[in-house]
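Only one structure is covered here, and it is reproduced in the block below.
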Amino acid sequence: MQIVTYNINGIKARIETLLTWLKEASPDVVAVQEIKSVDEGFPRERVEELGYRVETHGQKGFNGVAILSKLPLEDVTRGLPGDDTDEQARWIEATVIGDKQAVRLCGLYLPNGNPAPGPKYDYKLAWMARMEAHAKSLLAQEMPLVMAGDYNIIPQDEDATRPEVWHKDALALPTSREAFRRIVNLGFTEAFRSLTRGGGHYSFWDYQAGAWQKNDGIRIDHFLLSPEAADLLVECRIEKDARAKDKPSDHVPVWLTLDA
DNA sequence: ATGGCACAATACTTGTGA
């Protein structure tokens, strides 16, 4: 089973890019972030024509997540538990029925949190505390579990070309990294890092200031695997080339292959 | 101390992102 996480930065602006990529790459499942659309505004038929089921959790203008899948989906849920007043669409879950194994997939768009300190940073930390609590309950089910998405966390300095410019940023502050590690340390495996050491691996390059041309990037799109999912881990790779194509997102797809 | 860029909204500018 191939699962991709891909922050597309707006479905209206990215639909042709997404369709071209789906046709060529043909992943089994895609966790999509930043659709920036309500559910009714998502061009679902155009994706369904390529053989994908489409489950969205959108809102007007910002955020919004989705799961696209050629494999059957069951038990789809929307929203991160823990705060009924939270109106931001950043979490969707489904069970993917693989040929050998069912996998619980969480697609997430973790808050950016800038500027820090401030209310947006407080929201980020509160959201991560809710995610930690929810992750703990999901782990207790002792099944293959994948939490895929845009974490808006640069886990270590080696995950940025210029770590020094991020040190006071919500993506890299010690408090942010600690909150990320608290989740990982519940018993998850960070898929990419478990297979690939060292720096120079990025999933985001800003549109501004020639960041792509300078390879001025950061690695913020991640997969966390439960022990049962880590047992199935085959490969995790970053599709860097996508950033050089026509009308790209500022993020590239990150691929996970499981023996499931 | 901030620019640079891209996207969405009901807009001719502003908020948001990372």
Side-chain angles (χ1 to χ4, degrees), chain A residues 5-21 31-43 56-66 86-91 107-128 148-177 179-180 199-222 238 240 242-254:
Chain A
T5 179
Y6 193 1
N7 180 320
I8 59 170
N9 189 22
I11 188 60
K12 296 180 189 71
R14 209 73 54 215
I15 182 62
E16 301 304 334
T17 303
L18 176 67
L19 293 171
T20 300
W21 173 76
V32 176
Q33 300 89 39
E34 281 208 270
I35 65 173
K36 295 186 178 181
S37 165
V38 293
D39 295 333
E40 308 78 63
F42 193 97
T56 60
H57 179 42
Q59 69 176 90
K60 190 169 160 184
F62 306 105
N63 308 320
V65 289
D86 184 3
E87 295 182 349
Q88 299 192 28
R90 297 177 174 275
W91 188 275
L108 66 103
Y109 177 45
L110 204 147
N112 173 305
N114 281 304
K120 293 191 174 181
Y121 193 59
D122 294 341
Y123 176 73
K124 176 175 193 151
L125 294 179
W127 198 96
M128 292 182 80
D150 176 357
Y151 280 71
N152 271 317
I153 293 284
I154 303 167
Q156 296 183 278
D157 279 357
E158 67 179 4
D159 297 309
T161 308
R162 298 186 299 151
E164 65 283 358
V165 309
W166 297 98
H167 277 165
K168 291 184 176 174
D169 190 282
L171 277 63
L173 278 170
T175 310
S176 305
R177 289 178 168 173
F180 178 69
H201 305 284
Y202 312 121
S203 64
F204 170 93
W205 294 260
D206 203 301
Y207 290 120
Q208 302 179 65
W212 168 246
Q213 288 73 15
K214 297 175 192 167
N215 193 26
D216 181 6
I218 52 177
R219 194 175 68 90
I220 57 175
D221 299 275
H222 310 302
I238 298 171
K240 183 178 181 180
R243 188 64 177 78
K245 297 199 171 166
D246 285 343
K247 210 165 188 307
S249 170
D250 40 8
H251 297 249
V252 295
V254 183

| query | Any chance the rings of A:Y6 and A:W21 have centres within less than 6.0 Å? | reply | yes
| message | I need the CG-P distance between A:D250 and B:dA8, as an integer number of Å. | response | 12 Å
| field | Nearest-nucleotide comparison on DNA chain B, the residue closer to the 5′ end among A:Q88 and A:I11 | value | A:I11
Where do N or O atoms of nucleotides 12-16 of chain B meet protein N or O atoms at under 3.5 Å, pair by pair?
none

| message | Could you tell me how far apart A:Q59 (CD) and B:dG17 (P) are, to the nearest whole angstrom? | response | 10 Å
| task | Using the closest heavy atom to pick a nucleotide of DNA chain B for each, name whichever of A:P111 or A:K60 lands nearer the 5' end. | result | A:K60
| query | If you look at every strand shown and take non-hydrogen atoms under 4.0 Å, does A:N9 touch a base, only sugar-phosphate, or nothing? | reply | sugar-phosphate
| Rounded to whole angstrom units, what separation is found between the OH atom of A:Y123 and the P atom of B:dG17? | 10 Å
| task | Search all heavy atoms of A:P155 against all heavy atoms of A:I153 and return the closest pair with its distance. | result | CD-O, 3.2 Å
| said: Distance check, P atoms only: B:dA18 and B:dT14, in whole angstrom units. | reply: 22 Å
| task | Name all residues meeting the ring-ring contact (aromatic ring centres under 6.0 Å, His included) criterion together with A:H57; count only those two or more places apart in sequence or in a different chain, and write none if there are none. | result | none
| message | Would you say that more than 12 heavy atoms from the other residues, nucleotides or ligands in this model lie under 6.0 Å from the CD of A:E164, or not? | response | yes
| Minimum-distance pair of heavy atoms, taken over all atoms of A:G217 and A:T161 | N-OG1, 2.9 Å
| note | Given the options A:Q33, A:R90, A:H222, A:K124, A:L110 meets side-chain contact (heavy atoms from CB on, under 4.5 Å) only with A:K124
| Exercise: identify the closest heavy-atom pair between A:T5 and A:A148 | OG1-C, 4.1 Å
| request: Quickly work out the A:I35 CD1 to B:dA9 C1' distance and round it to whole Å. | output: 16 Å
| message | Suppose you measure atom P in B:dT2 against the same atom in B:dT13; what distance do you get, rounded to whole Å? | response | 22 Å
| Rounded to the nearest Å, what distance is computed from the CG atom of residue A:N7 to the P atom of nucleotide B:dA18? | 7 Å
| said: Need one value for A:K247: base, sugar-phosphate or nothing, where a base atom within 4.0 Å counts as base even if backbone is also close, heavy atoms only. | reply: sugar-phosphate
| message | Taking ring-ring contact (aromatic ring centres under 6.0 Å, His included) as the definition, give me every residue that meets it alongside A:F62, ordered by chain and number, with sequence neighbours left out. | response | none
| Would one find a side-chain N or O of A:R14 under 4.0 angstrom from OP1 or OP2 of B:dC7? | yes
| On a whole-Å scale, what distance lies between the P atoms belonging to B:dT10 and B:dT16? | 14 Å
| query | For atom P, what is the distance between B:dC12 and B:dG17, given to the nearest Å? | reply | 22 Å
| task | Nearest whole angstrom, please: distance from the P of B:dG17 to the CG of A:L110. | result | 12 Å
| By ring-ring contact (aromatic ring centres under 6.0 Å, His included), which residues pair with A:F204, not counting sequence neighbours? | A:H251
| remark: Between CG of A:L171 and P of B:dG17 the distance, given in whole Å, is 11 Å
| message | So A:N215 and A:W205, do their side chains get closer than 4.5 Å, heavy atoms only? | response | yes
Can you tabulate the close N/O pairs, meaning under 3.5 Å, that link protein atoms to atoms of nucleotides 1-5 of chain B?
unit_1: B:dG4; atom_1: N9; unit_2: A:Q208; atom_2: OE1; d: 3.4
unit_1: B:dG4; atom_1: N1; unit_2: A:Q208; atom_2: OE1; d: 2.9
unit_1: B:dG4; atom_1: N3; unit_2: A:Q208; atom_2: OE1; d: 2.7

| query | Taking the side chain of A:F204 as its heavy atoms from C-beta onward, which of B:dG17, B:dA9, B:dA18 lies nearest to it? | reply | B:dA18
| query | Which is it for A:V65 and A:V32 under the side chain to side chain contact (heavy atoms under 4.5 Å, CB included) test, yes or no, and what are the steps along the way? | reply | CA-CA 5 Å; A:V65 289; A:V32 176; over 6 Å; no
| request: Examine the base of B:dA18 for any acceptor or donor lying under 3.5 Å from a partner atom in the side chain of A:D169, and report the outcome as yes or no. | output: no
| Proximity to DNA chain B (any heavy atom under 4.0 Å), residues of residues 150-165 of chain A only | A:D150, A:N152
| task | Work out which heavy atom in A:Q59 is nearest to a heavy atom in A:E87; give both atom names and the distance. | result | OE1-O, 3.7 Å
